[in-house]
Number of protein chains: 2
Amino acid sequence: MNVLTGGKLKLVQAGLRLITETRSLTSLGLRELAREAGLNPNTFYRHFKNLDEFGLQVLGYIAEDMKSGVRELRRMAASSEQASHDTVTFVYRYFQSNPAATTVAVRELHGPSPLLRRALEAQLNASAREMAEDIIDRQLVSAVPPETIHEISRMTIRYILIRAMDYIEKPEQRESIQLETERFINRQFRGAMLDNLSQTEVESLAQSRV
Amino acid sequence: MNVLTGGKLKLVQAGLRLITETRSLTSLGLRELAREAGLNPNTFYRHFKNLDEFGLQVLGYIAEDMKSGVRELRRMAASSEQASHDTVTFVYRYFQSNPAATTVAVRELHGPSPLLRRALEAQLNASAREMAEDIIDRQLVSAVPPETIHEISRMTIRYILIRAMDYIEKPEQRESIQLETERFINRQFRGAMLDNLSQTEVESLAQSRV
DNA sequence: ATTGACGGTATACACATGTATACACAACGA
DNA sequence: TCGTTGTGTATACATGTGTATACCGTCAAT
């Protein structure tokens with residue numbers, strides 16, 4: 001059973017609560033977690049062998065959240081050139097409503113624990129693959145080869161995750177973060193359409209439109 | 001005087017030594033640092049008021065390193081469409097030869113301390129500004145408006161810093177990281193040249209070249 | 001009805017941590 | 001020459017930490 005209940009759930013949720021703002025997963029203490037969860041320190045051992053295992057469980061706990069959030073990304077792809085404004089807004093709103101999970105993900109993706117880094121990386125790559133295959137299936141950018149779509153998807157997932165952190169922390173910049181994200185994605189795909197053109201060819205194209 | 005000497009320098013260098021691999025700046029302890037530096041724990045107080053101040057000093061210490069490294073980025077920009085392979089290689093080699101500074105930067109940019117995050121962000125933005133103004137001055141991508149060049153520069157600096165971490169940690173992927181970085185940059189700028197075209201116009205352009 | 005697992009608790013130990021106070025000594029300007 | 005300033009040290013204290021051992025109720029299965 002992968003579903004968390006009782007004390008185990010309490011501990012994981014306590015971890016998420018503690019992390020927001022000024023903490024990181026790897027900095028949490030066993031006693032600290034138990035205290036926040038309202039449990040005896042030793043109860044921790046009933047559920048986790050050590051803090052590393054706890055960290056992995058937390059990642060697992062937020063994994064579905066993240067997945068469902070990233071799944072919304074596909075909508076954005078579906079309309080990247082038209083209604084992308086609304087869909088990017090939607091994705092960021094999702095992250096905004098899950099600040100703890102977002103913070104954990106961003107922080108541990110570049111954090112000190114190689115174990116957690118690898119785990120998160122695998123999750124992000126899986127999401128990126130899903131996003132890419134969806135774009136390919138729907139033939140949204142048929143002028144771009146599949147491998148390139150995968151590459152851009154990986155970059156986009158990471159970019160959005162990182163900007164989501166800014167989005168949460170800097171309410172006054174939310175609109176511009178949104179717009180920058182849209183431009184980022186459009187430029188990647190549009191640029192990729194010209195991958196096999198030479199520099200001079202691209203320049204002449206650009207100038208012919210001025 | 002901003003130059004570090006004696007015990008203060010020892011402590012900062014001890015911090016950099018400890019951080020590599022599995023630590024973060026904010027996780028370092030006062031006694032731990034003194035131990036690594038071969039000093040008495042209390043000597044720490046002679047140089048720093050608290051650990052936050054220590055963190056800022058470390059950032060200051062690596063700031064010139066980072067700056068000079070990022071300054072090399074301009075070379076890449078100068079030849080982004082031609083010899084970019086060699087220049088990106090050069091930049092990553094630079095990060096590779098400063099693994100501690102790179103690790104600190106990546107880790108604290110998304111780390112738990114808002115103070116350090118803001119400080120690093122300011123440094124990166126300054127570097128991005130420098131890079132952008134250089135590109136503008138040399139008229140390397142004259143088809144792209146200045147504000148867009150600034151925006152892409154900010155994205156690029158962050159992208160390269162994060163990939164530099166991968167570059168250091170995954171020797172077998174170095175070549176592909178390099179190539180992906182080149183494509184990232186080219187696509188951003190090429191895509192930006194088409195910013196004011198509609199989706200259908202871009203598609204017809206792409207198809208006309210197949 | 002007994003057993004055993006499960007989740008939770010209490011107490012205790014050895015150790016590390018940040019910090020305060022006080023001491024030592026070299027360099028140097030008055 | 002004396003006092004001050006800068007740098008380093010020793011000792012000590014309260015607190016927090018991970019962990020070990022042992023105890024206790026609940027509940028399900030035998």
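Letters go in sequence order (proteins before strands), and every chain restarts at 1.
- Rounded to whole angstrom, the span from the CZ atom of Phe48(B) across to the P atom of dT19(C) amounts to 14 Å.
- Between Leu11(B) atom CG and dT7(D) atom P there is a gap of 12 Å when expressed in whole angstrom units.
- Under the 30°/60° scheme for interplanar angles, the aromatic rings of Tyr92(A) and Tyr167(A) are found to lie parallel.
- Put simply, NZ on Lys8(B) is 12 Å from C1' on dT7(D), counting in whole angstrom units.
- Looking at heavy atoms from C-beta onward, Gln57(A) lies out of side-chain contact with His47(A) at the 4.5 angstrom threshold.
- For the pair Arg46(B) CZ and dA26(C) P, the interatomic distance rounds to 16 Å; values are reported in whole Å.
- There is a side-chain donor-acceptor pair under 3.5 Å between Arg23(A) and Ser27(A).
- For Phe44(A), the ring pair (Phe, Tyr, Trp, His ring centres under 6.0 Å) partners two or more places apart in sequence, or in a different chain, are Phe48(A), Phe54(A).
- Here the P atom of nucleotide dA22(C) and the CG atom of Asn40(B) are 17 Å apart, to the nearest Å.
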note = Reading nucleotides 13-19 of chain D from 5' to 3' and marking B where a protein heavy atom lies under 4.0 Å of the base, S where only the sugar-phosphate is that close, and - otherwise, the string is ----BBB

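- Side chain of Ser142(A) to backbone of Gln139(A): no donor-acceptor contact under 3.5 angstrom is found.
- In this structure, the side chain of Arg190(B) engages the main chain of Leu194(A) through a donor-acceptor pair within 3.5 Å.
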